[in-house]
Amino acid sequence: MRELYCKIPKVDRFLQDRELLEILDGKPLFFLKKAVDSVLNNLRSRIAEGKVKDFSYEELKEEIKRELLSLLKPKLHRVINATGVVLHTNLGRAPISPSVADHLKEIITGYSNLEYDLEKGKRGLRYRNLEWVLKELTGAEDVCVVNNNAGAVLLVLSALAKGKEVVVSRGELIEIGGSFRIPDVMEQSGALLKEIGTTNKTHLWDYENAINENTALLMKVHTSNYRILGFTESVSTKELVNLGRRYGIPVYEDLGSGSFIDVTKLGLSYEPTVQDVLKSGVDVVSFSGDKLLGGAQAGIILGKRELLQKIKKHPLNRALRIDKMTLAVLETTLIYYLDESLALKELPVWKFLSQKPHEVEFKAKELIRILNREGFKGNAEIVKDRTEVGGGALPLQTLPTYCVKIEIEGLSASEIDRKMREFYPPVVGRIKEDAYLVDMFTVFETEIPLIAEHILKLET
Ligand SMILES: *Cc1c(COP(=O)(O)O)cnc(C)c1O
């Protein structure tokens with residue numbers, strides 16, 4: 001045992017090893033020291049337990065290499081989404097288009113005219129680069145953009161209704177993920193919640209009866225992640241707008257996802273677009289930047305100039321300000337909506353949502369073709385299924401998809417699932433009826449060979 005201990009190479013030898021330093025690639029030596037420590041400590045305890053007969057420098061180096069590679073990988077890293085859910089909040093919601101990413105890289109690796117007016121040679125406005133395209137797309141009089149839609153709701157209520165009443169239907173007092181609840185946000189903003197109607201039915205006269213001299217807003221909230229079905233009634237945006245006009249009270253709609261494209265074109269049932277909502281006359285509307293819009297995390301607020309001025313001047317606007325990365329992504333994403341056919345082609349979210357079933361099936365066949373070519377001995381077969389949009393957009397609506405069911409002798413579905421998440425890049429699939437499924441709906445074509453590689457490794 002003593003002999004084995006003496007044989008352990010000096011730490012410095014590893015720290016000066018050319019090959020290891022090459023892998024380190026200029027990153028802090030901390031990572032290499034940590035990898036060496038971990039491997040050598042492990043070796044010492046295995047020697048103490050009598051589990052090691054012999055070892056070589058090269059063997060240890062191989063172990064250190066593996067450890068180092070895993071330590072060097074950023075903790076936030078890419079994942080292959082094989083869940084089929086396009087706007088998966090846990091997997092980062094909307095992927096952005098490569099052309100948008102190219103522009104982003106240019107903006108953030110140097111300086112930019114973020115708040116600089118190049119014509120005048122002095123301070124300019126941060127949001128002017130976004131305003132033009134949002135106004136062009138929607139006809140909104142004015143624009144404000146903050147950190148996310150939750151922040152947008154808080155800001156709108158704080159700026160327009162602090163100390164006053166906001167009328168909301170009981171059927172719309174939603175909670176969405178991450179403990180965002182309308183009543184709680186309302187309280188935080190200092191606005192007073194005036195609940196009306198019942199869970200399943202709210203009539204126009206419920207709103208009208210609730211109006212008094214202390215009413216600041218009539219609010220409509222998109223019931224993003226659920227639907228009330230059966231014996232129901234709710235008031236349309238248009239009706240609410242007419243009521244608001246009669247009493248001189250502004251109407252605010254939290255649209256949640258907020259789409260610029262009419263989803264009936266994709267075979268889904270009608271959801272009002274941002275343009276529709278503004279056309280119906282609402283005074284203020286807000287929605288997310290990274291749900292169906294397919295851009296960066298943000299909360300976009302559009303509406304009447306007078307109200308937007310109040311919102312923009314509120315101190316919370318500064319606290320919820322977006323940075324240049326968000327601005328760069330949003331501007332270059334939004335321009336595609338000036339030509340809808342380009343948005344459907346260029347923005348990954350819409351590219352996925354507008355896939356034809358045979359295109360998804362083609363990806364499934366491609367995965368199986370590679371597996372067969374490489375001599376996969378397990379069972380891989382195509383399974384037709386349905387998937388959802390996610391991100392609280394279009395609840396209850398599903399789209400047809402094709403999955404590849406993977407079965408391997410001696411491995412349960414949950415074992416396959418766990419192992420697929422351990423590879424790099426990890427594959428997050430789904431389990432249905434005790435079978436492991438790779439849902440091809442959200443898989444990029446370039447990812448298919450990587451998925452195949454991982455599956456083949458499961459057998460060795
Ligand atoms: C998603 C959502 C929000 C929150 O939006 P984030 O951009 O995630 O902050 C607020 N309201 C509704 C109705 C939503 O669907």
Side-chain angles (χ1 to χ4, degrees), residues 85-96 130 134 143-161 166 168-189 191 193 202 217-228 234-235 237 240 251-260 263 268 271-274 276-277 282 284-303 311 316-317 319-323 325-327 329-330 333-334 349 388-397:
V85 180
V86 177
L87 295 170
H88 199 302
T89 297
N90 304 145
L91 302 183
R93 286 196 187 155
I96 62 171
L130 254 191
L134 280 166
V143 172
C144 177
V145 185
V146 293
N147 182 57
N148 55 20
N149 190 35
V153 177
L154 179 64
L155 172 59
V156 170
L157 293 174
S158 307
L160 303 183
V166 178
V168 190
S169 158
R170 288 198 170 88
E172 297 175 0
L173 292 176
I174 60 157
E175 167 173 327
I176 57 165
S179 66
F180 172 89
R181 293 172 144 194
I182 291 292
D184 297 348
V185 178
M186 193 78 74
E187 194 181 318
Q188 205 44 243
S189 73
L193 172 62
T202 302
L217 271 184
L218 304 177
M219 183 179 182
K220 202 165 164 55
V221 185
H222 192 276
T223 54
S224 300
N225 40 15
Y226 73 100
R227 279 286 180 271
I228 296 172
S234 63
V235 173
T237 305
L240 208 53
V251 175
Y252 164 42
E253 181 155 352
D254 169 12
L255 198 51
S257 184
S259 171
F260 286 100
V263 293
L268 292 160
E271 282 282 329
T273 61
V274 174
D276 292 344
V277 171
V282 292
V284 179
V285 61
S286 72
F287 51 94
S288 290
D290 60 350
K291 291 186 180 172
L292 279 176
L293 194 139
Q297 180 187 299
I300 298 175
I301 310 170
L302 305 174
I311 292 168
L316 262 181
N317 182 26
L320 295 167
R321 176 168 98 174
I322 57 172
D323 73 339
M325 297 191 244
T326 307
L327 269 169
V329 170
L330 285 180
T333 298
L334 283 165
V349 166
E388 52 195 293
V389 178
L394 322 170
L396 311 193
Q397 296 203 51

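Computed from a predicted model, the values in this text were never measured in an experiment. The first residue of the sequence shown is numbered 1, and numbering continues consecutively from there. Counting starts at 1 for both ligands and their atoms, in listed order.
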task: List the steps, then state whether side chain to side chain contact (heavy atoms under 4.5 Å, CB included) holds for Leu130 with Ile300.
output: CA-CA 10 Å; Leu130 254 191; Ile300 298 175; over 6 Å; no

Identity and separation of the nearest protein heavy atom to atom 11 (N) of ligand 1: Asp254 OD2, 2.7 Å

field: Interfacing atoms of ligand 1 (cut-off 4.0 Å, heavy-atom, Arg93)
entry: 6 (P), 7 (O), 8 (O)

statement: To atom 4 (C) of ligand 1, the nearest of Thr89, Ile176, Ile174 on a heavy-atom basis is Ile176

message: When you measure from the side chain of Asn148 to the backbone of Gly151, do you find a donor-acceptor pair of N or O atoms at a distance under 3.5 Å?
response: yes

query: ligand 1 and Val153, any nitrogen or oxygen pair closer than 3.5 angstrom?
result: no

- request: Show your reasoning for whether side chain to side chain contact (heavy atoms under 4.5 Å, CB included) applies to Val329 and Met325.
  value: CA-CA 6 Å; Val329 170; Met325 297 191 244; 5.6 Å; no

task: Ignoring angles and geometry beyond distance, decide whether Asn149 reaches within less than 3.5 Å of ligand 1 through its nitrogen or oxygen atoms.
output: yes

For atom 9 (O) of ligand 1, the protein heavy atom that lies nearest, with its residue and separation: Ala150 N, 2.9 Å

- prompt: Can you tell which part of Gln297 has a heavy atom less than 4.0 Å from ligand 1: side chain, backbone, both or neither?
  reply: neither

message: I'd like to check whether Ser288 has a polar contact with ligand 1, where a contact means an N/O of the residue lying under 3.5 Å from an N/O of the ligand.
response: yes

field: Residue, atom name and distance, where the atom is the protein heavy atom closest to atom 14 (C) of ligand 1
entry: Lys291 NZ, 3.0 Å

- prompt: What is the closest protein heavy atom to atom 13 (C) of ligand 1, and at what distance does it sit?
  reply: Ser224 OG, 3.1 Å

